[in-house]
Amino acid sequence: MSAPPKTRGEPITDRRQLVAYLESGNKPESSWRIGTEHEKFAYRLSDLKPLPYEGPDGIREVLTRLQRYGWQPVEENGNIIALTQDDGANITLEPGGQFELSGAAVETLHQTCAEVHNHLRQVKEIGAELGTGMVGLGFQPKWRRDEIPWMPKGRYRIMREYMPKRGSLGIDMMTRTCTVQVNLDFASEADMVKKFRVSLALQPIATALFANSPFTEGKPNGFQSYRSHIWTDTDPDRTGDLPFVFEDGFGFERYVDYLLDVPMYFVYRDGTYIDASGQSFRDFMAGRLPALPGETPLITDFADHLTTSFPEVRLKKYLEMRGADGGPWRRLCALPALWVGLLYDGTALDAAWDLVKDWTTEERAHLRAEVPRHALRTPFRDDTVREVALKVLEIAHAGLVARRRNDNWGDDEAHFLDTLFAIAESGQTPADELLAKFHGAWGGSVDPVFKEYAY
């Protein structure tokens with residue numbers, strides 16, 4: 001979740017401005033960048049409980065101490081709710097205190113992996129002082145929904161009240177899930193469309209490879225990626241795999257139309273989030289928003305509204321890959337490697353499109369519905385998702401080799417996929433690994449995960 005905007009931006013008087021806003025993301029290939037984001041659960045080592053915001057070992061104290069590394073605070077109503085750096089990186093808080101790094105836009109996977117490593121070193125040093133830890137999993141494995149503290153951010157109060165009106169698991173999505181995602185650029189509308197279609201079709205493959213949330217409240221929940229399942233019962237108005245993306249004529253205008261049909265959450269004015277939940281952005285543009293009668297939106301309002309739709313791939317001025325569970329350090333580097341390999345080399349992108357272009361709407365829906373429970377073992381055509389994943393990884397590997405982005409030792413970026421090849425070749429997901437330990441060495445307890453898988 002982003003920090004509150006600092007400037008109000010231009011007024012919106014015409015739908016075309018919204019299309020132009022998305023179009024402004026077009027960049028030449030030389031300017032394409034990689035932006036990796038990951039969330040993690042923060043907890044006390046003494047009792048494994050999630051960190052509250054206040055207190056001597058709370059989230060506020062963690063944010064305060066991180067400022068020694070050059071982070072600058074962002075406040076809302078006197079509370080530090082985010083940190084920023086000059087390179088564009090920021091640290092933000094999800095509703096239940098999940099700690100998120102939104103990395104700077106960098107040129108290579110070597111740089112993004114170094115950034116992740118540096119960030120985890122910083123939070124580990126702070127944790128050693130405070131007696132706290134952080135762990136990457138797709139879903140909080142131990143604590144109940146009512147045991148999760150809420151962070152003091154105005155937009156979360158509004159979402160918290162609205163979510164249960166639209167689905168039964170929205171509060172869990174807000175407070176008990178963690179993901180890793182990557183944000184990638186496009187050159188033109190046609191390039192955006194091709195990348196959107198490929199990444200949306202293949203998002204369940206990423207979900208399967210990264211499946212890492214098999215526990216709920218201390219017990220197996222029957223899913224490989226419970227985090228992914230949660231999105232199927234959060235809010236049908238703003239989630240899903242967007243079949244219209246594959247229809248003829250899809251482009252920036254069609255996505256704007258989709259966004260205008262997504263009900264609003266809020267409007268941000270003068271440091272305050274105004275509740276507009278369930279209201280229409282179309283009415284806002286016509287000056288008929290009940291929450292702000294007579295006012296029309298600013299471009300920053302549209303930028304905010306963009307962040308309140310939650311499809312498996314999200315279009316802003318770039319494309320966000322949103323299908324993966326959070327995980328340990330190596331998989332935080334592997335997620336951007338997968339998508340950069342597929343989308344940032346023309347030959348690889350063509351090969352990926354050839355793989356998915358004849359998949360039907362029903363087949364894509366089947367993958368979206370079944371992968372959260374069965375992951376790599378999900379049946380697909382005459383094979384399983386595991387066989388599809390191996391093909392996808394070979395394409396991504398070739399794409400990374402072709403990029404020829406070497407580090408100081410002469411290694412290209414392809415080795416960041418090694419951990420995913422190991423998963424696909426063995427057929428054993430991260431969730432399978434956790435379940436085997438739960439039923440074996442851990443003796444039916446999830447508590448060891450907070451030690452063995454801590455950053």
Side-chain angles (χ1 to χ4, degrees), residues 38-51 96 98-99 116-117 120 123-124 127-128 131-145 147-148 172 176-180 205-230 323-335 370-378 384-386 389 393 416-455:
H38 79 272
E39 302 159 357
K40 47 212 170 285
F41 295 109
Y43 54 92
R44 290 193 184 103
L45 298 179
S46 60
D47 57 13
L48 306 183
K49 289 187 176 179
L51 299 187
Q98 304 98 309
F99 214 78
V116 168
H117 184 269
L120 293 178
V123 298
K124 194 169 183 177
T132 62
M134 295 194 183
V135 66
L137 295 162
F139 189 77
Q140 162 59 248
K142 184 174 176 68
W143 302 107
R144 298 190 312 270
R145 182 190 293 184
E147 295 174 301
I148 307 298
D172 287 327
R176 294 203 285 178
T177 63
C178 282
T179 186
V180 52
I205 310 307
T207 301
L209 286 167
F210 287 82
N212 194 35
S213 44
F215 303 122
T216 301
E217 296 170 16
K219 301 295 181 184
N221 53 35
F223 288 85
Q224 292 264 303
S225 176
Y226 189 60
R227 181 206 61 83
S228 183
H229 169 69
I230 280 172
D325 284 2
W329 179 79
R330 290 190 183 278
R331 292 205 295 277
L332 300 182
C333 302
L335 188 278
E370 297 301 318
V371 161
R373 188 178 292 275
H374 303 294
L376 293 174
R377 291 182 282 276
T378 304
T384 65
V385 164
R386 174 178 174 268
L393 288 171
F416 291 115
L417 293 175
D418 288 352
T419 186
L420 299 185
F421 271 108
I423 291 167
E425 288 167 355
S426 70
Q428 297 298 299
T429 65
D432 289 325
E433 178 182 306
L434 292 174
L435 287 166
K437 291 186 175 183
F438 177 86
H439 292 296
W442 292 355
S445 172
V446 298
D447 289 5
V449 77
F450 292 96
K451 181 178 181 180
E452 292 187 26
Y453 288 81
Y455 288 118

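The figures here come from the full heavy-atom set of this structure, side chains too, leaving out hydrogens, waters and symmetry mates. Count residues from 1 along the sequence.
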Where do [X] and [Y] come nearest, in terms of heavy atoms and distance?
X    : Y    : result
V385 : A375 : CB-O, 3.7 Å
P214 : L434 : CD-CD1, 3.9 Å
L209 : A424 : CD2-CB, 4.0 Å
A334 : T419 : CB-CG2, 3.6 Å
R227 : G138 : CB-O, 3.3 Å
T207 : G323 : OG1-O, 2.7 Å

Within a strict 4.5 Å, meaning less than it, do heavy atoms of the [X] and [Y] side chains meet?
X    : Y    : answer
R145 : R176 : yes
F223 : S228 : no
W442 : V449 : yes
R331 : I423 : yes
D325 : F139 : no
L435 : F215 : yes
L120 : H38  : yes

Nearest 0.5 Å, please: how far is [atom2] in [Y] from [atom1] in [X]?
X    : Y    : atom1 : atom2 : value
D172 : T216 : CG    : OG1   : 8.0 Å
L335 : L417 : CG    : CG    : 10.5 Å
M134 : L51  : CE    : CG    : 7.0 Å
Y453 : N212 : OH    : CG    : 8.0 Å
Q98  : I148 : CD    : CD1   : 8.0 Å
R330 : L420 : CZ    : CG    : 12.0 Å

Parallel, tilted or perpendicular: which fits the ring planes of Y43 and F450, with parallel below 30° and perpendicular above 60°?
perpendicular
Would you please name every residue forming a side-chain hydrogen bond (donor to acceptor under 3.5 Å, both in side chains) with T132, sequence neighbours left out?
none
Got a donor-acceptor contact below 3.5 angstrom from the [X] side chain to the [Y] backbone?
X    : Y    : value
S213 : Y226 : yes
W143 : L48  : yes
R386 : A208 : no

The complete set of salt bridge (charged side-chain N to carboxylate O under 4.0 Å, His left out) pairs with one or both residues in residues 422-433, sequence neighbours excluded, reads R377-D432
Applying disulfide (SG to SG under 2.5 Å), can you list everything that pairs with C178, at least two apart in sequence or on another chain?
none
Taking ring-ring contact (aromatic ring centres under 6.0 Å, His included) as the test, write out the residues that go with [X], two or more places apart.
X    : result
H374 : none
F416 : H110
F99  : none

In terms of heavy-atom contacts, does NE2 of H117 have more than 12 from other residues, nucleotides or ligands at under 6.0 Å?
no
